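All remarks here apply to the structure that follows.
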Amino acid sequence: MSLTKAERTTIMSMWSKISTQADAMGVEALERLFTSYPQTKTYFPHFDLHPGSAHLRSHGSKVVAAVGDAVKNIDNISGALSKLSELHAYILRVDPVNFKLLSHCLLVTMASHFPVDFTADAHAAWDKFLSVVSSVLTEKYR
């Protein structure tokens with residue numbers, strides 16, 4: 001699946017706004033993930049999963065930083081996230097469906113933070129982009 005020029009422009013444009021709130025959005029997306037899909041907590045037995053905890057803030061920052069790496073390397077997302085894909089597939093053994101669940105939580109978080117910018121076209125572009133990211137993160141499983 002490839003992104004159109006218009007979709008790439010939308011992603012890059014919104015990212016400039018998202019990046020200014022990246023840490024808060026990362027925490028919020030993880031809190032949504034763990035609330036909506038409690039089974040995902042099993043991958044974090046050593047984390048304090050209470051809202052706003054240091055563990056959530058730290059991991060939320062990493063999640064959004066990875067999305068940022070994908071945005072910055074939009075023409076080579078696979079290369080940009082290769083090490084992260086290996087980590088999640090071979091070491092952490094995260095169920096691939098969790099990337100889709102987290103993508104959904106990221107979309108909801110973006111929509112709540114940027115209601116004016118998160119138009120139907122922006123939603124479609126980000127959904128497609130995060131689907132590409134999820135595919136890249138699961139490509140080592142195959």
Side-chain angles (χ1 to χ4, degrees), residues 1-37 39-44 46-142:
M1 173 180 345
S2 60
L3 298 165
T4 67
K5 185 175 181 175
E7 290 166 337
R8 290 170 190 252
T9 300
T10 298
I11 300 297
M12 304 288 257
S13 173
M14 274 195 71
W15 181 253
S16 66
K17 295 178 181 186
I18 291 167
S19 64
T20 65
Q21 299 180 29
D23 291 343
M25 291 184 68
V27 171
E28 188 176 328
L30 287 177
E31 289 173 353
R32 287 179 191 280
L33 178 72
F34 296 140
T35 300
S36 301
Y37 309 101
Q39 71 274 18
T40 59
K41 293 178 185 180
T42 61
Y43 295 98
F44 300 92
H46 55 290
F47 272 33
D48 172 5
L49 297 178
H50 291 92
S53 73
H55 287 127
L56 286 181
R57 287 193 314 272
S58 174
H59 197 66
S61 293
K62 290 176 187 177
V63 166
V64 178
V67 172
D69 288 343
V71 171
K72 291 174 193 147
N73 295 283
I74 203 161
D75 293 319
N76 185 17
I77 296 171
S78 186
L81 300 181
S82 179
K83 289 188 189 312
L84 199 57
S85 177
E86 289 176 13
L87 172 68
H88 285 81
Y90 301 137
I91 297 170
L92 301 175
R93 299 183 187 272
V94 174
D95 185 338
V97 74
N98 291 318
F99 297 113
K100 292 180 184 188
L101 300 177
L102 179 57
S103 292
H104 175 73
C105 293
L106 285 165
L107 289 171
V108 172
T109 302
M110 285 181 218
S112 70
H113 281 253
F114 303 101
V116 173
D117 298 302
F118 205 74
T119 63
D121 287 342
H123 183 171
W126 274 99
D127 189 36
K128 190 173 176 183
F129 173 75
L130 291 172
S131 290
V132 170
V133 170
S134 292
S135 291
V136 165
L137 290 174
T138 61
E139 68 188 9
K140 303 292 184 190
Y141 289 77
R142 298 178 199 123

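For clarity, every value in this text was computed on a predicted model and none was experimentally measured.
Counting only distance, with no hydrogens or angles, the side chain of Lys128 and the backbone of Ser2 share a donor-acceptor pair below 3.5 Å. Looking only at distances, no side-chain donor or acceptor of Ser58 sits under 3.5 Å from a matching main-chain atom of His55. Ser82 places no side-chain N or O within 3.5 Å of a backbone atom of Gly79 that could act as its donor or acceptor partner. Side chain of Ser13 to main chain of Thr9: no donor-acceptor pair is present (N/O by atom type, distance under 3.5 Å, no hydrogens or angles).
How far NZ of Lys100 is from OG of Ser131: 7.0 Å, rounded to the nearest 0.5 Å. We find the CZ-CH2 distance between Phe129 and Trp15 to be 8.0 Å, quoted to the nearest 0.5 Å. In this structure, OG1 on Thr109 lies 9.5 Å from CZ on Phe118, to the nearest 0.5 angstrom. Considering OG1 of Thr10 and CH2 of Trp126, their distance stands at 10.0 Å, rounded to 0.5 Å. Taken from CD1 in Ile18 to CD1 in Ile11, the straight-line distance is 8.0 Å, to the nearest 0.5 Å. We find the OH-CZ distance between Tyr37 and Arg32 to be 11.0 Å, quoted to the nearest 0.5 Å.
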Check against side chain to side chain contact (heavy atoms under 4.5 Å, CB included), Leu84 and Leu137:
CA-CA 7 Å; Leu84 199 57; Leu137 290 174; 4.0 Å; yes

Checking side chain to side chain contact (heavy atoms under 4.5 Å, CB included) for the pair Met25/Val67: CA distance, chi angles, key distance, verdict?
CA-CA 12 Å; Met25 291 184 68; Val67 172; over 6 Å; no

Would Ser36 and His104 count as a side chain to side chain contact (heavy atoms under 4.5 Å, CB included) if you check the C-alpha gap in whole Å, the side-chain angles of each, and the deciding distance to 0.1 Å?
CA-CA 10 Å; Ser36 301; His104 175 73; over 6 Å; no

